[in-house]
Amino acid sequence: MFQTITALLDFASPFHVCCDREWNVICVGPSMAEHLDSDPIGHPLADMLSFQRPKLDGPTGLNNLAGQLVLLRIKHSGLDLRGQWNDMPWPGLDSGDAGRVLLCSPWVTGEDQWRKTGLKLRQLGPQDGSGEYLLLLAAAREQALDVARLADLANARGNVLEALVQRMREGLLLIDNEGRIESANPAASALLGRRTNEIEHMPLGEFFTKLPSLEDSSEDIEWEVQKKNGGSFKARGSRYGITTPGKHSEALLFRDVSEEEQTLQMRRTFLSMVSHELRTPLTAIKAPLGMSLSGHLGELSPKVRDVLKIATRNADRLHQLVDDVIDLERLESNALPMTPSEFKSSELAQKLREGLSSAAADAQVALDFKDEDFTLVADQGRILQVLTNLVGNAIRHSPKPSTVHLRMLQRDSYARCEVTDEGPGIPADLRSRIFDRFFQVSSGIEQPTGGTGLGLAISRLIVAQHGGTIGVDGGPSGCGSTFWLEIPLAGLGVEQP
Ligand code: ADP
């Protein structure tokens, strides 16, 4: 019986050590024996091993360690091991019917430690088949210990995530590959007005209308959501694919934006009202200023003239801001109708040059326009407004002297316009935000650019109304920037003749 047990232990862990209840060694595994300088049988365990963790003083400190992971070192060879104590029935023991077995394996953390084990790789093979098993067993137990630790960690993380999902204000639904709701967090059930167990297994289409397909889902998409009581609300959120081994599902994250929309609408109405109310008195201020400066109200001293010029410049700026705010508000609420007409790109370039040549000359900037002279259908006035903004910005941000280039190109079924300058350019991380309203790049030196920060936001909306896109890249020579826009040649849905 004793021999069978020791043979099994040798097989499972060549580094094992068995002790009686007084911590005297009964037997050791063959690999452990190789690392000792004398026969340990009958001697205290503490003579051959030192315990690194938990730190213990002598063998008496080893009580109640069953099942614990311990790190230890063989005193003679200095080999590090890690292992676990187990209580074990042990036949023939005087001091009780159970002894202790420490099953351990080398803690191989590098080449040196590997060599210390004595389990050389070249020992493996047919001539010493048991070595291979022993190594495999040792490695398997190491892995099992690691997996258990990882599982603990994953469990802890899972608990944190679960707590977050339960408490978050956004609704979160997990959807199976047949489009049915698999699970819902409390926020989702509150938003949908039903209990979680009512929602689960229901088809998604039951609640969400106009649900975009996964391929069309971008960061922020909008749906109409049906509630149990027949009501509905506007939701905004995102839809993600989730692939786990052998399974594909989706997650839908959403929130109720009806209140946000209402506030936005109120803000728009307020802005529109204020802007319109400002326009009339502004015109009343600008008219007498213009009359005075033109000399119709009598001769002006140079000082008065300078003061009136400053006042006019600021009144113009305010007027521009009010116009921009009104345009923006109307574009955003789709209340600015586009008037399509057919025209040549050269006509646009000509108007642009006429409108901007004096500003360019004042800024000592040359205008280099190249145009492939094609026909397009668009709201000419609005596209001219966009290009005037782009070329005007380019002039304002150009060094003196320099050149602003405009290219008007035809690409298959769309027109592409590029405006390139030699100015400071837009930092790459700000390029996506430059089209947001009131966004202005700080140059570090406060200098008035005379802008409102609305021009690009308006441009983007106008281009979008034409079914096109607008963007900015770094200039081709590594400095400056290239603003570009692309619109379909029949941008407003009017068929080309
Ligand atoms: P603004 O009326 O201030 O020009 P825009 O919306 O047209 O408003 O532009 C927003 C900001 O983008 C500008 O204030 C400026 O900081 C930056 N910008 C626009 N065009 C250029 C350019 N060509 N070079 C450098 N910065 C630019």
Side-chain angles (χ1 to χ4, degrees), residues 271 275 278 282 313-332 336 352-353 355-369 381-408 416-466 468-486:
L271 264 180
S275 311
L278 277 174
L282 255 178
R313 217 169 30 242
N314 280 300
D316 282 345
R317 200 161 159 219
L318 195 55
H319 205 157
Q320 183 62 50
L321 181 63
V322 169
D323 280 354
D324 280 356
V325 169
I326 291 173
D327 270 4
L328 196 67
E329 179 272 319
R330 290 170 74 196
L331 276 161
E332 281 181 339
L336 191 66
L352 204 55
R353 191 183 280 281
L356 287 164
S357 51
S358 108
D362 289 348
Q364 295 175 32
V365 170
L367 296 178
D368 163 45
F369 285 10
R382 292 294 166 190
I383 296 297
L384 187 63
Q385 180 182 352
V386 173
L387 287 173
T388 303
N389 184 43
L390 297 187
V391 180
N393 278 349
I395 293 172
R396 262 190 287 144
H397 293 280
S398 283
K400 288 181 193 180
S402 65
T403 306
V404 166
H405 307 269
L406 171 74
R407 298 285 174 268
M408 298 180 88
R416 180 177 169 96
C417 305
E418 295 173 351
V419 179
T420 302
D421 64 59
E422 298 162 21
I426 316 278
D429 56 331
L430 298 181
R431 286 182 196 152
S432 60
R433 296 174 57 199
I434 198 87
F435 295 91
D436 291 350
R437 34 161 84 195
F438 297 112
F439 190 87
Q440 293 186 304
V441 180
S442 161
S443 58
I445 314 153
E446 279 318 313
Q447 50 180 22
T449 59
T452 61
L454 289 177
L456 290 177
I458 292 172
S459 300
R460 178 167 62 177
L461 287 167
I462 293 175
V463 171
Q465 290 250 359
H466 283 78
T469 42
I470 188 168
V472 60
D473 296 321
S477 58
C479 71
S481 42
T482 296
F483 280 84
W484 54 264
L485 66 96
E486 289 178 353

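All heavy atoms count here, side chains included; hydrogens, waters and symmetry mates do not. Residue numbers start at 1 and run along the sequence shown. Atoms within a ligand are numbered from 1 in the order they appear, just like the ligands themselves. None of the values given here were measured: they were computed from a predicted structure.
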Check: Rounded to the nearest 0.5 Å, how far apart are CG of L384 and CG of N389?
Finding: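 The distance works out to 11.0 Å.
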Under 4.0 Å from a heavy atom of [X]: which atoms of ligand 1 are those, numbered in the order shown and with their elements?
X    : result
I434 : 12 (O), 17 (C)
N389 : 7 (O)
L454 : 6 (O), 8 (O)

For ligand 1, indicate whether the residue [X] contacts it via side chain, backbone, both or neither (heavy-atom separation under 4.0 Å).
X    : result
L456 : both
F435 : neither
L390 : neither
V419 : neither

Note to self: With respect to G455, determine whether any N or O atom, backbone or side chain, lies less than 3.5 Å from an N or O atom of ligand 1.
What the structure shows: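 So ligand 1 has an N or O lying under 3.5 Å from an N or O of G455.
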Check: Does any N/O atom on F439 come nearer than 3.5 Å to any N/O atom on ligand 1?
Finding: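 No, F439 has no N/O under 3.5 Å of an N/O on ligand 1.
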Do [X] and [Y] meet the criterion of a side-chain donor-acceptor pair at a distance under 3.5 Å?
X    : Y    : result
Q320 : D316 : no
D368 : T403 : no
N314 : R317 : no

Margin query: Against ligand 1, does R396 come closer than 4.0 Å with any heavy atom?
Written below: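 Yes; R396 lies near enough to ligand 1 that a heavy-atom distance drops under 4.0 Å.
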Notebook entry, point to check: Any non-hydrogen atom of G423 lying under 4.0 Å from ligand 1?
Noted result: no
Check: When you measure from the side chain of R431 to the backbone N and O of I426, does any donor-acceptor pair fall under 3.5 Å?
Finding: yes
Note to self: With a sphere of 6.0 Å drawn around CZ of R433, does it hold more than 12 non-hydrogen atoms of other residues, nucleotides or ligands?
What the structure shows: no
Notebook entry, point to check: Is any NZ, NE, NH1 or NH2 atom of the basic residue among R460 and D436 found under 4.0 Å from an Asp or Glu carboxylate oxygen of the other?
Noted result: yes
Notebook entry, point to check: Can you tell which of Q320, R317, H397 gets a heavy atom nearest to atom 22 (C) of ligand 1?
Noted result: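 Result: the heavy atom closest to atom 22 (C) of ligand 1 is in H397.
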Next item on the list: Could you please spell out the steps behind the side-chain contact (heavy atoms from CB on, under 4.5 Å) verdict for L485 and H466?
Entry: CA-CA 11 Å; L485 66 96; H466 283 78; over 6 Å; no
